[in-house]
> 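Below you will find the structure I want to go over with you.
The structure presented is a predicted model; accordingly, all values stated were derived computationally and were not measured. Each chain gets a letter, A, B and so on, in the order its sequence line appears, and its residues count up from 1.
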Amino acid sequence: MTDQFVAPAINYTGLLPLIIVLAGGLVGVMVEGFASRTARYAVQLPVAVATLVLAFVALVVLGPRNQGLTAAETIALDGPALVLQGLLLLISLIALLVMAERLGGQQADAFTQAGASTPGSAEEAFAVRHGASSTEIFPLSLLSVAGMMLFVSANDLLLLFIALEMLSLPLYILAGLARRRRLLSQEASLKYFLLGSFSSGFFLFGAVLIYGYAGSMRFGDIAAAVSGNVGMDGLLIPGILLLAVGLLFKVGAVPFHAWTPDVYQGAPTPVTGFMAAATKIAAFGAMLRVFYVAVEGVRADWQPILAAVATLTMVVGAVLSIVQTDVKRILAYSSIAHAGFVLVGLISMDQAGISSTMFYLAAYGFMTIPAFAIVGLVRSSGTEASQVGQWAGLGRRAPWTAVAFTFLMLAFTGIPLTSGFTGKFAVFSAAISQGWAWLAVVGVLASAVTAYIYFKLVVLMWRGDEDAAGDTVVVTPSLLTVFAIVAGVVVTLALGVLPSPMLDLAQSTAAFLR
Amino acid sequence: MNFPWLTTLLVLPLVGALVVALLPRASTAVRPVALGFSLASLVVGIGALTQFSTGSTEQFQLTEVYPWIPQFGVSYALGVDGISLTMILLGLILVPVCILAAWEDVPAEGRRQHTYFALMLALLATMIGVFAAIDVFLFYVFFEAMLLPVYFLIAMFGGTRRGRAATTFLLYSLAGGLIMLVAVIGVYLAGPRGTDGFLLTNLEGLDLSVAAGRWLFLGFFIAFAIKAPMWPVHTWLPLAAEQARPATSVLLIGVLDKVGTYGMIRFCLTLFPEASQWATPVVLVLALVSMVAGALLAIGQNDMLRLIAYTSVSHFGFIVMGIFVFTTVGGSGATLYMINHGFTTAGLFLVAGMLIVRHGSRDIRDYGGWQRVTPVIAGVLLFSAMSGLALPGLNSFISEFMVVVGVFENYPWLGVLGAFGVVLSALYMLLMYQRIATGPRPVLADVPDMTGREKLVVAPIIVAFLALGFFPKPVLDVLEPAVQQSLQQVGVQDSVPAVDTANAEGSGR
């Protein structure tokens with residue numbers, strides 16, 4: 001310990017993608033302040049898209065050559081971090097395209113015109129009359145993405161916490177911006193915020209306990225303390241578990257899942273897709289690093305607990321999904337079940353565990369966003385028709401949309417030749433190879449249960465009932481959404497039929513810097 | 001000659017499905033194009049048969065092996081032995097027959113007809129894939145993929161309870177398939193692993209621990225028992241058969257369900273010989289129960305499609321019994337039975353379909369005296385029924401006889417009970433014929449007898465009945481080496497005397 005403060009060396013080139021996204025977000029905030037109401041959308045969308053594309057290019061070009069620990073070892077730029085950051089950028093890009101859908105101004109889009117106004121108030125009416133639109137979603141999303149990118153590369157508990165808050169706060173706001181049923185949306189937002197704050201509290205408490213144990217927040221120091229066996233397990237194990245609560249909350253693992261269905265249902269549908277896909281990638285990325293780098297040494301103590309959580313998550317997610325009658329809630333419970341499947345891969349604790357988890361996250365992300373995008377297009381008298389019954393006969397009225405959704409449901413189920421199957425195969429084989437065969441059996445049985453609800457949707461769309469469903473239509477989306485859906489479907493197919501390149505990438509990068 | 005016969009066989013129907021699906025909405029060529037593609041596939045299949053040599057020492061012929069997902073150890077590997085080749089040919093023959101039989105099933109409005117026939121061709125492709133795969137992972141891929149065309153054929157084109165029937169079918173199959181997935185991963189991890197670790201030839205003769213072998217065997221066997229279907233996991237079949245179109249049922253029960261019994265030979269027996277021995281008593285009892293329960297339930301049915309479905313449960317019991325007695329006669333009989341049952345089921349379902357189209361009812365009680373109204377249809381029904389009850393001179397007799405003889409060699413008491421099953425089959429078949437065709441002439445509006453198209457449908461089936469009944473030797477010549485090979489693999493690590501005699505008898509031929 002020296003008294004003198006030494007500024008840590010920071011590898012700005014390696015952090016450039018993150019900096020670009022942050023800068024893009026700040027530019028968006030400025031645009032929000034200075035551009036005229038009518039011009040904002042036309043400026044914000046290109047800025048946001050350019051930011052994400054530029055960041056991705058920077059990541060691909062500069063990332064591989066700038067690997068290493070930086071900023072006083074609080075940030076790790078290693079294989080998993082780069083892959084997950086790249087994944088986050090791509091997923092966010094197509095999610096953003098879906099969020100930007102304005103339906104040509106003919107129909108109400110997904111976002112309220114005046115998020116800050118009381119629903120039904122004079123202010124809201126004023127905003128509607130003047131044609132306001134919620135362009136703040138663009139900077140909010142970008143800032144959230146920056147938080148996620150930091151989350152997967154944070155190598156320090158305190159930085160991890162900062163990143164957690166950075167990714168969460170914009171999401172709390174985004175969740176409350178739905179156009180229709182605004183009270184439900186605001187309730188979802190508040191619920192997410194309150195429960196999220198609680199889980200952050202748990203996380204912090206855990207971080208403090210671990211600091212008390214290891215005398216440092218840095219993962220490397222914690223790992224050294226764990227392997228050095230300093231003999232204060234009474235601090236370490238509760239600390240790990242409290243930390244896990246905070247992280248498991250973000251992925252919606254049982255028993256920390258209670259917010260998921262309500263928030264998924266209440267939030268604007270494109271935001272739900274973004275939350276489901278990107279948050280999961282970020283949170284599982286952080287979990288991988290915490291469990292594989294920091295506290296790997298005492299895995300015998302926490303592995304059984306995570307296995308129990310994984311079992312509960314798969315079973316509860318699967319069983320509760322089959323009694324849902326709202327498509328968004330079905331997808332919410334399905335996301336819980338999928339979180340359980342990812343946990344199965346994570347628990348296996350070897351290189352295959354890392355690579356299979358990353359593969360599954362990619363697969364899940366690219367099937368979730370188009371699924372929610374399609375949910376946002378199925379409408380009945382101007383509002384989203386998310387009741388299951390309203391989807392009857394969709395196959396005849398909108399065959400292409402129905403084909404895409406059917407294919408995505410096959411991927412959710414894990415039918416071969418879709419990315420869902422490759423992902424499930426990867427995580428289950430990682431688990432079985434490390435002696436967790438019973439967990440894989442629970443997993444496949446849960447998949448079989450979830451198949452019921454996915455195929456219930458499919459059969460409803462294709463059964464050919466003429467009379468049912470009334471006026472449900474699929475509105476014609478702009479090229480933005482079409483691109484997002486097609487990209488998602490193509491990736492889902494590609495990762496199912498020719499998964500080798502992605503598997504190669506995941507396997508060759510599946511090593512954490514310590 | 002390295003022409004990729006099997007890949008061609010796989011791709012041709014798929015291309016056909018795509019072409020049919022993309023034909024213009026108002027096109028009248030949907031059905032001829034579909035039929036054309038199925039016939040072209042049959043021609044390619046016959047071409048493959050000419051390249052197949054019965055005297056070969058190779059386990060698989062016409063093999064094509066390329067790496068597919070080396071990270072997982074998966075290869076795109078196709079190849080056939082006698083058993084799989086005959087199953088593929090069965091499918092290739094029955095699909096054009098079914099397309100012809102389904103000619104009037106779906107009216108040509110919108111794109112429904114396109115979808116219907118495209119799904120049939122897609123089904124053909126998956127059938128070929130599942131029997132030709134010699135990589136366990138690839139087999140699993142086709143095993144799951146073939147559910148989808150059947151699912152949509154039932155869900156979109158079935159009867160009034162089609163949604164429920166399709167979902168039940170899918171959930172049963174998926175549950176079994178997913179349990180098998182765990183076993184598939186397990187057997188890979190127990191094997192040499194590596195970039196081609198899923199190749200069947202790399203997984204045979206593994207030195208598994210007893211417990212591991214038995215668990216893995218169970219994982220595979222449950223999936224195949226559901227597929228076959230065996231009592232007590234047969235309950236999806238009657239519902240599916242009742243709700244599906246007869247042509248769909250023919251392909252589902254006549255060909256696809258054979259994946260269950262085929263899988264038992266190909267995977268359960270050859271990969272897990274010790275566990276197969278261990279499970280034999282239970283499997284034989286289940287087979288016996290399937291046989292008797294299927295027959296008794298068939299006797300009690302009033303719905304003719306359900307009745308035929310239950311007869312299949314009974315026949316599958318017979319087939320499984322033939323497989324698990326571990327004698328060459330029993331095994332050859334069982335594999336021959338797999339083919340015969342395909343034709344018998346086709347005859348029964350398609351004739352039942354012709355009756356239902358004419359009278360609009362599946363209920364046997366609504367019929368009676370139809371031999372006076374539609375003598376040709378009634379005649380073909382009788383013929384199919386005779387095939388179903390294994391009348392000497394028709395196809396099923398030889399296979400049933402061989403199975404009973406095979407069973408007698410090792411388990412005489414079971415042979416006696418098995419013979420009892422033959423008696424029951426006579427009962428349900430003749431009762432059905434009696435209730436439908438005999439009796440006073442019913443009061444009906446003018447009902448046409450068999451049309452020219454329908455005669456074309458039944459002609460190949462009747463030819464098959466007679467050909468396989470009088471001269472099954474060519475087929476048996478193709479089947480027997482493959483059966484002996486799989487029995488040898490069971491015998492490799494085996495000390496149970498029953499199987500030693502089987503080997504001695506097998507090699508003495």
Side-chain angles (χ1 to χ4, degrees), chain A residues 352 355-356 359 392 395-396 399 406 410 413-418 421-422 424-426 428-435 437-456 458-465 496-508, chain B residues 21 67-74 106 110-112 115 126 137-148 151-152 154-158 160 162-190 193 195 212 215-216 219:
Chain A
S355 64
S356 65
F359 187 91
R396 177 128 347 157
T406 302
L410 300 185
T413 314
I415 299 288
L417 303 181
T418 65
F421 173 70
T422 322
K424 281 201 176 117
F425 184 88
F428 291 151
S429 61
I432 293 173
S433 72
Q434 296 299 313
W438 66 269
L439 211 50
V441 172
V442 175
V444 294
L445 291 178
S447 316
V449 172
T450 57
Y452 168 76
I453 192 70
Y454 301 138
F455 276 90
K456 188 175 162 193
V458 171
V459 84
L460 205 61
M461 288 192 295
W462 292 107
R463 204 171 51 192
D465 295 337
V497 178
L498 293 170
S500 286
M502 179 66 203
L503 285 171
D504 256 344
L505 179 70
Q507 285 179 2
S508 63
Chain B
W68 177 25
I69 313 175
Q71 291 88 351
F72 287 164
V74 179
V106 182
R111 300 197 77 91
R112 266 172 75 79
T115 316
T126 57
F137 187 98
L138 190 66
F139 170 81
Y140 181 80
V141 166
F142 284 117
F143 187 82
E144 297 276 272
M146 72 185 183
L147 301 180
L148 296 177
Y151 172 80
F152 284 107
I154 298 176
M156 293 174 75
F157 302 97
T160 44
R162 56 187 178 274
R164 196 180 131 83
T167 308
T168 312
F169 158 75
L170 187 92
L171 288 183
Y172 263 95
S173 307
L174 264 186
L178 285 164
I179 292 171
M180 187 169 94
L181 177 63
V182 177
V184 165
I185 297 171
V187 76
Y188 170 73
L189 293 171
R193 308 196 189 187
T195 53
W215 279 111
L216 294 175

> Taking the side chain from B:Gln71 and the backbone from A:Leu503, do they hold a donor-acceptor pair closer than 3.5 Å?
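Here the side-chain-to-backbone pair does not exist.
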> Between A:Thr422 and chain B, which part of the residue has a heavy atom less than 4.5 Å away: side chain, backbone, both or neither?
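Both backbone and side chain.
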> Out of B:Leu181, B:Leu147, B:Val141, which residue meets the side-chain contact (heavy atoms from CB on, under 4.5 Å) rule with A:Pro416?
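Among the candidates, only B:Val141 passes.
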> Taking side chain as everything from C-beta outward and backbone as N, CA, C, O, which of these in A:Ala426 sits under 4.5 Å from a heavy atom of chain B? Side chain, backbone, both or neither.
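Both parts, heavy atoms under 4.5 Å.
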> Measuring heavy-atom distances to chain A, does B:Ile69 have an atom under 4.5 Å in its side chain, in its backbone, in both, or in neither?
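Both parts, backbone and side chain.
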> With distance as the sole test, does B:Trp68 use its side chain to make a donor-acceptor pair with the main-chain N or O of A:Ser500 at under 3.5 Å?
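Looks like no, no N/O pair under 3.5 Å.
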> Measuring from atom NZ of A:Lys424 to atom CG of B:Leu178, what distance do you get when rounded to the nearest 0.5 angstrom?
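These two atoms lie 7.5 Å from each other.
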> Please state whether the side chain, the backbone, both or neither of B:Phe157 comes within less than 4.5 Å of a heavy atom of chain A.
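Neither part, no heavy atoms under 4.5 Å.
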> With a 4.5 angstrom heavy-atom cut-off, could you sort out which part of B:Phe137 is near chain A: side chain, backbone, both or neither?
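Contact with chain A is through the side chain of B:Phe137 alone.
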> Return the orientation label for the A:Phe421 and B:Tyr140 ring planes: parallel under 30°, perpendicular over 60°, tilted otherwise.
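A:Phe421 vs B:Tyr140 ring planes: parallel.
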> What is the distance from atom CG of A:Leu410 to atom OH of B:Tyr151, rounded to the nearest 0.5 Å?
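So the CG of A:Leu410 and the OH of B:Tyr151 are separated by 9.0 Å.
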> Indicate the ring-plane relationship of B:Phe152 and A:Trp462, choosing parallel, tilted or perpendicular according to the 30° and 60° boundaries.
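Aromatic pair B:Phe152/A:Trp462 classed perpendicular.
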> Name the region of B:Trp215, side chain, backbone, both or neither, that has any atom closer than 4.5 Å to a heavy atom of chain A.
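No part of B:Trp215 comes within 4.5 Å of chain A.
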> With a 4.5 angstrom heavy-atom cut-off, could you sort out which part of B:Pro67 is near chain A: side chain, backbone, both or neither?
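Contact with chain A is absent: no heavy atom of B:Pro67 under 4.5 Å.
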> How far apart are the C-alpha atoms of A:Val459 and B:Leu170, what are their side-chain angles, what is the distance that settles it, and do they pass the side-chain contact (heavy atoms from CB on, under 4.5 Å) test?
CA-CA 11 Å; A:Val459 84; B:Leu170 187 92; over 6 Å; no
> OG1/A:Thr418 to CD/B:Glu144 distance, rounded to the nearest 0.5 angstrom?
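Going from OG1 on A:Thr418 over to CD on B:Glu144, the span is 10.0 Å.
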> Is any side-chain heavy atom of A:Ile415 closer than 4.5 Å to one of B:Leu174?
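Side chain of B:Leu174 against side chain of A:Ile415, heavy atoms only: contact under 4.5 Å found.
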> Quick one: are B:Val182 and A:Ile432 in side-chain contact, heavy atoms under 4.5 Å?
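Yes, side chains in contact.
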> Do B:Tyr188 and A:Ser429 make a side-chain contact, defined as non-hydrogen atoms from C-beta onward lying under 4.5 Å apart?
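In short, these two side chains do not touch, never coming nearer than 4.5 Å.
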> Name the region of B:Leu148, side chain, backbone, both or neither, that has any atom closer than 4.5 Å to a heavy atom of chain A.
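Looking at B:Leu148, just its side chain touches chain A.
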> Can a donor-acceptor pair be found, under 3.5 Å and without considering hydrogens, that links the side chain of B:Thr167 to the backbone of A:Phe455?
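Not at all, since once roles are kept as given, no pair shorter than 3.5 Å links the two residues.
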